Amino acid sequence: MALSLPLPKPQQQQQQTTTTTTNDGEIQEIDIFHQFDVVSDSSDHHYLVNNIDNDSSSSSSKKTKDGGGDSLTNISSGVYKKIMQEWKILEKHLPDSIYVRAHENRIDLLRAVIIGVAGTPYHDGLYFFDIAFPPDYPARPPLVYYRSFGLRINPNLYANGRVCLSLLNTWPGRKSEKWNSSESTVLQVLVSIQALVLNEKPYYNEPGNGVLPGRAIWEKKSNAYSENVFFLSCKTMLFLLRRPPKNFEGFVASHFREKASVILSACNAYINGQTRVGYYRNDGSCSSGNSSTVDVSDKFKGLMGQLYPELLLGFKRNGASLGNFVEPSVQPVEMKTRSFKGKAVIQSKKSGFARTVFAKLKRVLGLKKMNKSGKSGVKNKGF
């Protein structure tokens, strides 16, 4: 890809097909989704309809909206050449767990997906980011928008799509951690998001968490946060299956067909306390090395118990073979009973519900508040 040449043509069939022979001698087709490719459809990209340069003048903003101005259309400009360098770096050096699509009609736009890695509560999930080069790139870092579906799965990834990272100059940091126009790259941004943001214990990404004494307390809060992260990650999977980002439709479907059984097995392991969230391995073992059961919050059990059937149905509709999977046997929230005049009153951990039930029983049995003399004031019901 020479920097002085026009843009390469996008591949009309992004997800190519090849054939292989199984052990049984059957010919099987396998889809190949290239890690880096150039596509033509950018119609659902976040920065196509949102102004890239919010701080620019109106005339500069118009240039950005129409395609980034001369610097992004003139193949002799420094910005154009720098973006072509970025393409080349991504094409050659992307790790196996990150895929990127550039756009022929808008070279200032990229879309990337990061696969959540094992050993984190993000494992086997897909996390999409829309990226835009500003007109004066690389003087300023690229803009990055997380496609969150309104869910906040990390202290650094906001529900509105904001990504907080020192390398993007969206979070304070040492000079060495911030964007360097002569050295920093989009590849570095993506790898940093994967390693520093979508990490093993995201709870500690929030400033102040874990800085005070009391390791056990912080770890308990971290475990609870990871439980919620995994739950929201599973919800994100369902949103992606229903509305996959453009140019990644086949990739999303194929990924979740392949990973469905692993994800559901992990759900069962976490619900039943076989291991902590994030420690389930694809082979069914637990990376924590702890063979005993662990404490799982009732909140997590309840949320996952409700979401699991939706996941199961969503994966099956997507074509996954899940004949052995059924709804998990979630233990009910601990309940206590007490008797009153021969009537059983269920006490839930939610005190508001208990008060409501008890109030109704008092009305039925004719109970009143104690009067000033200390007498109960129970009406004579003839028994």
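Values below: every heavy atom of this structure, side chains too, minus hydrogens, waters and symmetry copies. All of these numbers come straight from a predicted model, not from anything done at the bench.
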For Met237 and Leu126, what are the C-alpha separation, side-chain angles and deciding distance, and is it a side chain to side chain contact (heavy atoms under 4.5 Å, CB included)? CA-CA 7 Å; Met237 296 176 192; Leu126 297 178; over 6 Å; no

Does Arg242 form a salt bridge (Lys or Arg N to Asp or Glu O under 4.0 Å) with Glu249? I'd like the steps, not just the answer. CA-CA 10 Å; Arg242 295 166 189 164; Glu249 295 91 342; over 6 Å; no

When rounded to the nearest 0.5 angstrom, what distance separates [atom1] in [X] from [atom2] in [Y]?
{"X": "Ile107", "Y": "Tyr80", "atom1": "CD1", "atom2": "OH", "value": "5.5 Å"}
{"X": "Asn105", "Y": "His45", "atom1": "CG", "atom2": "NE2", "value": "10.5 Å"}
{"X": "Asn199", "Y": "Asn205", "atom1": "CG", "atom2": "CG", "value": "4.5 Å"}
{"X": "Asn180", "Y": "Gln188", "atom1": "CG", "atom2": "CD", "value": "8.5 Å"}
{"X": "Gln35", "Y": "Asp96", "atom1": "CD", "atom2": "CG", "value": "5.5 Å"}
{"X": "Tyr47", "Y": "Ser42", "atom1": "OH", "atom2": "OG", "value": "14.5 Å"}

Can you classify the ring geometry of Tyr203 versus Trp218 as parallel (below 30°), tilted (30 to 60°) or perpendicular (above 60°)?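 Rings of Tyr203 and Trp218: tilted, 30 to 60°.
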
Once the angle between the rings of His123 and Tyr270 is folded into 0 to 90°, is it parallel (under 30°), tilted (30 to 60°) or perpendicular (over 60°)?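 Plane angle over 60°, so perpendicular.
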
For residues [X] and [Y]: do they belong to one hydrophobic cluster (side chain heavy atoms under 4.5 Å, members Ile, Leu, Val, Met, Phe, Trp, Tyr)?
{"X": "Tyr279", "Y": "Val117", "result": "no"}
{"X": "Ile75", "Y": "Ile83", "result": "yes"}
{"X": "Tyr145", "Y": "Leu48", "result": "yes"}
{"X": "Leu196", "Y": "Leu94", "result": "no"}

Ignoring hydrogens and geometry, is there a side-chain-to-backbone donor-acceptor pair from [X] to [Y] under 3.5 Å?
{"X": "Asn318", "Y": "Gly314", "answer": "no"}
{"X": "Trp179", "Y": "Pro138", "answer": "yes"}
{"X": "Asp124", "Y": "Lys259", "answer": "no"}
{"X": "Arg257", "Y": "Ala260", "answer": "no"}
{"X": "Ser254", "Y": "Phe251", "answer": "no"}
{"X": "His93", "Y": "Lys88", "answer": "no"}

Any donor-acceptor pair under 3.5 Å linking the side-chain atoms of [Y] with those of [X]?
{"X": "Ser297", "Y": "Glu227", "value": "yes"}
{"X": "Tyr137", "Y": "Asp108", "value": "no"}
{"X": "Glu86", "Y": "Thr185", "value": "no"}

Is any side-chain heavy atom of [X] closer than 4.5 Å to a side-chain heavy atom of [Y]?
{"X": "Val186", "Y": "Val100", "answer": "no"}
{"X": "Trp87", "Y": "Leu110", "answer": "yes"}
{"X": "Ile115", "Y": "Ile98", "answer": "no"}
{"X": "Ser192", "Y": "Leu168", "answer": "no"}
{"X": "Cys267", "Y": "Phe230", "answer": "yes"}
{"X": "Thr236", "Y": "Leu151", "answer": "yes"}
{"X": "Val39", "Y": "His103", "answer": "yes"}
{"X": "Tyr158", "Y": "Ser148", "answer": "no"}

Taking all heavy atoms of [X] and all of [Y], pick out the closest pair and write down the distance.
{"X": "Ile263", "Y": "Phe315", "result": "CD1-CZ, 4.0 Å"}
{"X": "Leu157", "Y": "Tyr146", "result": "CB-CD2, 4.0 Å"}
{"X": "Ala102", "Y": "Phe36", "result": "CB-CZ, 4.0 Å"}
{"X": "Cys234", "Y": "Leu307", "result": "CB-CD2, 3.5 Å"}
{"X": "Val163", "Y": "Thr170", "result": "O-OG1, 2.8 Å"}
{"X": "Phe129", "Y": "Val144", "result": "CD2-CG1, 3.9 Å"}

Can you tell me which residue pairs pass the salt bridge (charged side-chain N to carboxylate O under 4.0 Å, His left out) test with a partner in residues 173-188, sequence neighbours excluded?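 Residue pairs passing salt bridge (charged side-chain N to carboxylate O under 4.0 Å, His left out), neighbours aside: Arg174-Glu177.
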
Among residues two or more places apart or on two chains, list those pairs meeting salt bridge (charged side-chain N to carboxylate O under 4.0 Å, His left out) that have a residue in residues 195-219.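 Residue pairs with at least one partner in residues 195-219: Lys201-Glu219.
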
Enclosure of Asp295 CG (heavy-atom neighbours >12, cutoff 6.0 Å):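 Atom CG in Asp295 is not packed in, count stays at 12 or less.
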
Whether over 12 other heavy atoms sit under 6.0 Å from Leu313 CG: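 Yes, because the 6.0 Å sphere around CG of Leu313 holds more than 12 heavy atoms from other groups.
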
Mind running ring-ring contact (aromatic ring centres under 6.0 Å, His included) on Phe33 and Tyr99 for me, showing each step along the way? CA-CA 9 Å; Phe33 191 83; Tyr99 293 76; 5.8 Å; yes

side-chain hydrogen bond (donor to acceptor under 3.5 Å, both in side chains) for Gln274 and Thr293? Distances and angles first, verdict last. CA-CA 5 Å; Gln274 294 173 340; Thr293 58; over 6 Å; no

When the ring centroid of Tyr127 is compared with that of Tyr122, is the distance short of 6.0 Å?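 When the ring centroids of Tyr127 and Tyr122 are compared, they turn out to be within the sub-6.0 Å range.
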
Distance under 6.0 Å and angle within 45° of ring axis: Arg101 vs Phe248: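 The answer is yes, since Arg101 meets both limits relative to Phe248.
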
Evaluate the side chain to side chain contact (heavy atoms under 4.5 Å, CB included) criterion for residues Arg276 and Asn223: first the C-alpha distance (whole Å), next the side-chain angles of each, then the deciding distance (0.1 Å), finally the verdict. CA-CA 8 Å; Arg276 295 203 184 281; Asn223 292 334; 3.4 Å; yes

Could you go through Ile131 and Leu190, starting from their C-alpha distance and side-chain angles, then the distance that decides it, and tell me whether this counts as side chain to side chain contact (heavy atoms under 4.5 Å, CB included)? CA-CA 10 Å; Ile131 301 167; Leu190 293 173; 4.0 Å; yes

Are Arg111 and Asp130 within salt-bridge range, i.e. N to O under 4.0 Å?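 Salt bridge between Arg111 and Asp130, a charged N being under 4.0 Å from a carboxylate O: yes.
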
Not counting sequence neighbours, which residues clear salt bridge (charged side-chain N to carboxylate O under 4.0 Å, His left out) with Lys235? List them please.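 Listed in chain order: nothing, the list is empty.
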
Would you please test Val277 and Phe300 for side chain to side chain contact (heavy atoms under 4.5 Å, CB included) and show each step? CA-CA 10 Å; Val277 167; Phe300 178 72; 3.9 Å; yes

